[in-house]
Amino acid sequence: MIRLKNIWIALCVVGLLAGCSSRSGSNDGEEEVELVVAAAASLTDALTALKDSFENEHENVSITFNFGSSGKLATQITQGAPVDVFLSASPKDMDVLEGEELLIDSTRRNFTENALVLIGHRDAQFQVPSFGDIDNAAIANIAIGEPESVPVGRYTKEVLEHLDLWDTLQNKLVRGSDVRQVLTHVELGNADLGVVYSSDAFISDKVKVLAEADPNWHAPIVYPGAVVKSTKHEAEAHAFLAYLGSEEGKKALEAYGFK
């Protein structure tokens with residue numbers, strides 16, 4: 001009797017373990033997926049706001065963001081960084097990955113746009129009504145993105161070259177590693193002026209917009225996204241890109257100053 005009782009207990013334990021195993025993961029029995037999204041720094045607030053709503057709709061997916069300058073993120077991907085989705089602040093950096101055949105064909109799409117603005121600290125007393133007035137004796141320094149690796153820096157250089165100010169202002173330029181560092185320089189008073197996207201100025205209560213660049217002065221500021229070929233979660237990566245283009249995604253981007 002004792003032997004039979006022990007066998008019965010063992011079978012019950014096995015059954016309980018099997019039941020636990022069948023309930024692990026999501027409610028639908030789907031595998032838990034961590035989706036790594038490398039995204040331009042200017043998207044930080046909008047994407048962070050989108051994260052919960054996307055994960056609520058896709059219960060088996062959790063998103064991990066890697067924010068930074070598009071150029072540096074593209075370099076990391078070419079060097080083998082584990083990334084599922086790349087969201088760039090310029091077509092140029094996406095072109096690099098496409099040229100090296102690191103993207104899944106036909107997944108690339110433009111999902112939002114932006115504008116370039118000149119900002120100063122909210123308490124600044126000087127008057128700079130346009131980009132053409134940057135070369136002002138009252139302005140000691142101007143924060144911009146590094147043109148070689150930061151899209152906002154490339155757009156800024158194009159504007160200043162168009163206005164014949166690029167060479168003139170070299171001794172006043174303070175270069176940032178991404179657009180958020182440029183914003184921070186102005187917020188903290190480390191730079192008199194800065195050139196950022198309108199979406200970055202939108203989320204800060206420490207700066208004010210002094211002028212907006214004529215879009216004809218620079219290349220169009222469009223944001224492309226694509227699925228990286230090395231992804232192990234292609235379906236989920238596709239779903240996230242589609243979500244950016246959904247009504248929910250568009251509203252979130254617009255709420256943070258994107259066009």
Side-chain angles (χ1 to χ4, degrees), residues 33-48 50-51 54 58 61-116 144-158 175-182 196-197 199-200 215 218-246 249-250 252-253 256 258-259:
V33 170
E34 180 185 8
L35 200 67
V36 179
V37 178
S42 53
L43 292 164
T44 300
D45 298 274
L47 292 186
T48 301
L50 270 176
K51 175 180 164 70
F54 177 82
H58 302 79
V61 181
S62 63
I63 300 176
T64 297
F65 291 117
N66 177 20
F67 294 110
S69 73
S70 298
K72 290 180 180 178
L73 293 174
T75 298
Q76 290 172 7
I77 293 171
T78 63
Q79 293 174 347
V83 173
D84 300 296
V85 177
F86 178 44
L87 306 177
S88 175
S90 79
K92 180 178 179 180
D93 299 298
M94 192 67 77
D95 291 343
V96 171
L97 301 188
E98 194 166 43
E100 297 193 22
E101 299 183 347
L102 295 176
L103 306 177
I104 294 179
D105 292 340
S106 302
T107 63
R108 178 174 174 171
R109 66 187 68 174
N110 295 334
F111 62 91
T112 196
E113 299 179 4
N114 222 326
L116 200 67
I144 69 168
E146 170 54 58
E148 296 302 316
S149 60
V150 185
V152 74
R154 287 199 293 271
Y155 298 127
T156 302
K157 183 179 180 180
E158 290 174 10
R175 291 166 169 78
S177 60
D178 60 44
V179 70
R180 288 305 171 89
Q181 189 174 71
V182 175
V196 299
Y197 299 122
S199 60
D200 296 290
H218 57 76
I221 304 176
V222 295
Y223 286 62
V227 179
V228 181
K229 187 176 287 186
S230 60
T231 182
K232 296 180 181 178
H233 311 295
E234 186 175 342
E236 291 80 7
H238 278 288
F240 183 74
L241 274 182
Y243 195 73
L244 290 179
S246 69
K250 290 176 182 178
L253 289 165
Y256 284 88
F258 290 88
K259 297 182 181 298

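Quick caveat, the model's predicted, so the values are computed rather than measured.
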Side chain to side chain, [X] and [Y], heavy atoms closer than 4.5 Å:
{"X": "Leu87", "Y": "Leu241", "result": "yes"}
{"X": "Leu116", "Y": "His218", "result": "yes"}
{"X": "Thr78", "Y": "Leu97", "result": "yes"}
{"X": "Val85", "Y": "Thr107", "result": "no"}
{"X": "Val36", "Y": "Pro82", "result": "no"}
{"X": "Leu103", "Y": "Met94", "result": "yes"}
{"X": "Arg180", "Y": "Phe67", "result": "no"}

Which residues share a side chain to side chain donor-acceptor pair (under 3.5 Å) with Ser90, sequence neighbours left out: Asp93, Arg154
Sequence neighbours excluded, the answer for ring pair (Phe, Tyr, Trp, His ring centres under 6.0 Å) partners of Phe258 is Tyr223
Residues forming a ring pair (Phe, Tyr, Trp, His ring centres under 6.0 Å) with Phe54, sequence neighbours excluded: His58, Phe240, Tyr243
Side chain to side chain contact (heavy atoms under 4.5 Å, CB included) for Leu43 and Phe65? Distances and angles first, verdict last. CA-CA 10 Å; Leu43 292 164; Phe65 291 117; over 6 Å; no
Run the salt bridge (Lys or Arg N to Asp or Glu O under 4.0 Å) test against Lys92 and tell me which residues pass, sequence neighbours left out. none
Taking only residues two or more places apart in sequence, or in another chain, which ones meet Arg109 in a salt bridge (Lys or Arg N to Asp or Glu O under 4.0 Å)? none
Acceptor/donor pairs from residues 224-231 side chains to any protein atom, 3.5 angstrom cut, sequence neighbours excluded:
residue: Lys229; atom: NZ; partner: Glu101; partner atom: O; Å: 3.1
residue: Thr231; atom: OG1; partner: Asp84; partner atom: OD1; Å: 2.6
residue: Thr231; atom: OG1; partner: His233; partner atom: N; Å: 2.9

